[in-house]
Structure formats: C-alpha cells, structure tokens
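Have a look at the structure below, then the notes.
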Number of protein chains: 2
Amino acid sequence: MESPPTTTSYAILGLLALRSWTTYELTKQAQRSLRWFWPRAERKLYDEPKRLVTAGMATAVAAQTGRRRSTVYSITEVGRRELRRWLGEPSAPPTLEFEGMVKVFFADSGSLEQLRDTLRAIGEEAQRRFDELASRAVEALRGESAFPERIHLSHVGLAFHLEQERATIRWAEWASEQAAQWTTTADPGSWDAAAALRHIIAERL
Amino acid sequence: MESPPTTTSYAILGLLALRSWTTYELTKQAQRSLRWFWPRAERKLYDEPKRLVTAGMATAVAAQTGRRRSTVYSITEVGRRELRRWLGEPSAPPTLEFEGMVKVFFADSGSLEQLRDTLRAIGEEAQRRFDELASRAVEALRGESAFPERIHLSHVGLAFHLEQERATIRWAEWASEQAAQWTTTADPGSWDAAAALRHIIAERL
DNA sequence: CCGTCGATACTGCATAGGGCAGTATCCGGT
DNA sequence: ACCGGATACTGCCCTATGCAGTATCGACGG
C-alpha cells in the first residue's frame, strides 16, 4: 500500500478481526452491517483487502471450489495492532448525503405537489429503513445473530440508527403539515415562521 | 456536458435559481447551506458551474476587479425548467458516513477507554453542530437571513438537522452509560442485552 | 441428460469526488 | 512599503461509484 490506509481500509480490517472471509462474503457482510454507517460500493470492497495484504495487515489464501477460484483473507498480528491503534485516533465528523433534502431546500423552484411527494417519499424510505433495522433487532433478541458475542456493540449501533430513522419519519410528517399551510412553495402565506421555529427550538433543550 | 447532470449539478443549479454568484461566492454559500445535506469539496464547486454552462443551464459572464478576473454564473430558462423537472423525480436514499460509528462498532478490538473517548468525541461534535444550527436559527428569527423570503424552507431543513444532532447527543450519552456497565469491550459482563434492546424498541412507537 | 437460473467470484473502464498544493490579485491596516 | 486575509481560481493524484462483462457452481425442472 503506497498510499496510507483510509477509513474504508480500517472498516474492512475490522471485519477481518471478527473472522476470515472470502471477498464475496466480505461484500455481503459489509452490505449487512457497515452499510448503515460506512456505505461503500461492492467494487471497492474487492480492491481494499488487496491493499491490506500489501500493507502487511492481512494475508490472502487462494481457495478453490471445483474450477472456481476464490481468495480467503485473514487479519495478521500487525493488522490487529494497527486496528487497535486506529481506534484511539480522532474521527472525521459524520457527513450526510440527502438528495431528498436538496429537493426540499429548493422546493420553491417547483410545485407544492412536488414538495408533498418528496416529503412523502422521504418518510416512506425512512419507515422502510426503520423496519429493516427493527427486524434486525428482533432477530438478535431471538439469538439469530451471526456474532452473538458482539450483540452489545451491534445494539448500540442499532439504537443510533433506529433513532435517526424515527427522527426522520417524525420530521417528514411535521414538515408535510407545515407545507400544507403554505399558499405556494415560494409563499408560506399566513404561516407563522417564528412560531414554527420556536416550536423547533423549544422541543429540544 | 457530455455526461448527465448529477445531484451536485442540480444543487448548484438550485443556488443559481436564487441569484447569480461568482464561483467563490458559490463555494461559500454551499459551505453555509448545502454542507448539511449535500457536502461537496470546494474544488468540485469550481468545476460544476462550467458543466452547467456546457449543458445550457447556466451562463458565465467574465467580470473584472482591477486585474483580477472572476466569473459570474446565472441560471438560464432551460436551467429553471430542468431544475423544476428534477424536483419531481424520485431521490436516492440518504447515505451517512460516520467514522466514529465504525470505531464504536469495532470497539471490541480496542480498550474501554478508547470507546469512552470515541463516544465523548461523537457527543461533543454533535453538540458543536447543534449549536451552530441553533445560532443559524436565532439569526433567522432576528431577520438576519440572506434570503428572508425563503425562511419557510430553511426552517424545515434546520428542524431536520437540529433533530438529527439532538438525537446523536442523546444517543452518545446513553451509549456511554451502557458501556460504563461493561467489563471489557468484548465482554458486557452482566449487562442485560435484551433489556437494553427492549428499551430501544419501546422508546419508538 | 440438458438447460436455466441464482449465487459465487471476480475485473475493466469511465466518471465523480476529495484533498492538497500552488498561483495570483486585491484591499485594509501598520 | 509591507503583511495578512480575502478573493479567485487550476493541476494533480488518489479514492470511490456504477455499470458492464466474464466465468463457474449447484440446484431444480423437464
């Protein structure tokens, strides 16, 4: 690895610390767990383990299923040490990419109907994600987790994401109610901005 | 523009729909407003308006301050139409990149102290962002906004982000309390996973 | 026994995006 | 006359995404 390891490198390294995986398994696992807080395209997850091997943080063992080759990656002692060290480093602030919110923010270039649809879609998507997380939680309660010895860590993660999605669902409902009082997207009419804002600020702290 | 416009293209187009800007002003404005839901590096914001011009959605006018050149970009009628059309299209689901959460998720490869520090840093960062958003809200209440006719839209956005940060602050506190009960990062000891999870699920819905 | 389909197991390529360094100029204050 | 901060960008290298393409394997149906 000529260039220094990225957060993605350490995310993959973290998965290798749990057990050895083929790249294919690694991509599936990343979809299941990492997706929520470190989403990466499958394509990238095929490159990253190779970099870890170059850096001495992982080893690759070629496997065979009939004529089909596959590669099993495992963490090395160097890798464990590096991972441990990284866990003590300061983190980059979280970043959110939210296309729906871009549409809400520029809603005055479109119609009230478009805004309503955007808000509904945001709420529905959040509900879908909430349900997925909730069913993951229920599975864990039934002991159907892949790493039962790690449920304390997946629980705190789950709690965060459930909170986020729930906040989004409630916000989308509130925003729809507000927008319903507007004359057009560019003119809120008699809608009381100050009252709405006071409500927002009072609600928290 | 040979390749089709991206969400970033439309985000810039949205800003141009408000008024004309030099690229420099555009980057500052994007830092202020778009950063919260569509963060992009300054570098990218210098390229994007050129693409809009190529696509016929904006025009560039060269300006001069003494010997220093600058470019003022404005939206075209085609641009307004395109923006309006885009507002009616379905959006990509939101994605979150949260390095701190990667560290929490893999905390069992490190020490309890590292986990405590990570959770504290997450909470502090969320508090900082909350304060920044809150002061933005207070400015708006005092009528110090750059686009007073658009406060209804910035308010709904502000409400969302305040909610998110507040949820993060509360979660970081809760997670710290949970972690304080664990023996090590790999062993929660007598900590009751099921109780914690029921608490999480009961809390919402 | 053969075809198909979904899962496994990748690679190449074009483009978007990030981060950092570098190059200027302008303006206000000391 | 000089300095520092704001204005106004560009080049370069690397990360990351998305999509298409190439195979093989195993199960199931006809």
Side-chain angles (χ1 to χ4, degrees), chain A residues 1-13 20-32 34-35 37-55 60-73 92-99 102, chain B residues 1-13 20-32 34-35 37-55 60-73 92-99 102:
Chain A
M1 187 150 25
E2 337 89 52
S3 45
T6 62
T7 302
T8 303
S9 313
Y10 290 107
I12 299 298
L13 195 58
S20 300
W21 313 78
T22 67
T23 326
Y24 185 81
E25 289 171 329
L26 216 41
T27 63
K28 296 308 148 203
Q29 190 57 28
Q31 289 308 308
R32 268 187 66 87
L34 292 181
R35 171 165 64 99
F37 46 92
W38 201 257
R40 280 303 172 266
E42 191 188 303
R43 186 61 187 83
K44 196 64 198 162
L45 304 176
Y46 273 94
D47 289 339
E48 204 52 50
K50 296 181 186 170
R51 279 162 51 82
L52 293 175
V53 171
T54 311
V61 173
Q64 205 82 15
T65 314
R67 194 171 307 176
R68 190 171 58 197
R69 86 207 138 100
S70 68
T71 318
V72 178
Y73 290 96
T95 68
L96 176 71
E97 283 190 5
F98 199 163
E99 190 178 10
V102 182
Chain B
M1 183 146 30
E2 338 88 50
S3 44
T6 63
T7 303
T8 303
S9 314
Y10 290 107
I12 298 299
L13 196 58
S20 299
W21 314 78
T22 68
T23 326
Y24 185 81
E25 291 170 329
L26 217 41
T27 62
K28 297 309 148 200
Q29 189 57 29
Q31 289 308 309
R32 268 187 66 87
L34 290 181
R35 171 165 64 99
F37 46 90
W38 200 255
R40 281 302 173 264
E42 192 188 302
R43 186 61 187 85
K44 196 64 199 163
L45 304 175
Y46 272 94
D47 289 339
E48 203 54 49
K50 297 179 186 172
R51 281 161 50 83
L52 292 176
V53 171
T54 311
V61 173
Q64 205 82 14
T65 315
R67 195 170 306 172
R68 189 172 58 197
R69 87 206 138 96
S70 67
T71 319
V72 178
Y73 291 96
T95 69
L96 175 71
E97 281 191 6
F98 198 163
E99 190 178 10
V102 182

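Chain naming here is simple, since letters A, B, ... match the order of the sequence lines and numbering starts at 1 in each.
Remark: Glu48(A) engages Arg51(A) in a salt bridge, criterion side-chain N to carboxylate O under 4.0 Å.
Taking each heavy atom of Leu96(B) and Pro39(A) in turn, the nearest pair found is O-CD, 3.1 Å. The heavy-atom pair separating Ser9(B) from Leu52(B) by the smallest distance is O-CD2, 3.8 Å.
In this entry the distance linking CD of Glu99(B) with C1' of dG18(C) reads 14 Å, nearest Å. The OH-P distance, from Tyr46(A) to dT17(D), rounds to 15 Å in whole Å. Per the geometry, NZ belonging to Lys44(B) stands 15 Å off P belonging to dT17(D), to the nearest Å. Taking atom CD of residue Glu25(A) and atom P of nucleotide dC10(C), one finds them 10 Å apart after rounding to whole Å. At whole-Å resolution of the value, CZ in Arg68(A) and C1' in dG6(C) are 11 Å apart. Whole-Å rounding puts the Gln31(A) CD to dT17(D) P distance at 10 Å. As a whole-Å value, the separation of Leu45(B) CG from dA16(C) P is 14 Å. In this structure, the OH atom of Tyr24(B) is 5 Å from the C1' atom of dT7(D), given to the nearest Å.
In terms of position on DNA chain D, the residue among Glu97(B) and Thr65(A) whose nearest nucleotide sits closer to the 5' end is Glu97(B). Along DNA chain D, the nucleotide nearest to Gly66(A) and the one nearest to Arg43(B) differ in position, and the one closer to the 5' end is contacted by Arg43(B).
Checking dT15(D), dC10(C), dC9(D) against every side-chain atom of Arg69(B), the shortest atom distance belongs to dC9(D). Of the candidate nucleotides dG19(C), dA16(D), dT8(C), dG19(C) has the atom lying nearest to any side-chain atom of Ala41(B). Residue Arg51(A) places its side chain closer to dT15(D) than to any other of dA7(C), dA8(D), dT15(D). Checking dA9(C), dC10(C), dA16(C) against the side-chain heavy atoms of Thr71(A) singles out dC10(C) as nearest. Which of dC10(C), dG17(C), dC14(D) sits closest to the side chain of Thr6(B) comes down to dG17(C).
For the pair Thr23(B) and dA8(D), the criterion of a side-chain N or O lying under 4.0 Å from OP1 or OP2 is not met. Taking side-chain N and O atoms only, Thr22(B) has a distance below 4.0 Å to OP1 or OP2 of dA8(D). The side chain of Ser3(B) places an N or O atom within less than 4.0 Å of a non-bridging phosphate oxygen (OP1 or OP2) of dA16(C).
Note that OG1 of Thr7(A) is 8.0 Å distant from CZ of Arg40(A), once rounded to the nearest 0.5 Å.
Note on Lys50(A): only backbone sugar-phosphate atoms sit closer than 4.0 angstrom, heavy atoms only; bases stay farther off. Within the nucleic acid shown, Pro39(A) comes within 4.0 Å of sugar-phosphate atoms alone, with no base atom in reach, counting heavy atoms only. No contact: Thr27(B) has no heavy atom under 4.0 Å from any strand. Contact annotation for Thr8(B): backbone-only contact, meaning every heavy-atom pair under 4.0 Å involves sugar-phosphate atoms and none involves a base.
Using a 4.5 Å cut-off on side-chain heavy atoms (C-beta onward), Trp38(A) and Glu97(B) make contact.
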query: Could you go step by step and tell me if Leu26(B) and Leu45(B) meet the side-chain contact (heavy atoms from CB on, under 4.5 Å) rule?
result: CA-CA 7 Å; Leu26(B) 217 41; Leu45(B) 304 175; 5.9 Å; no
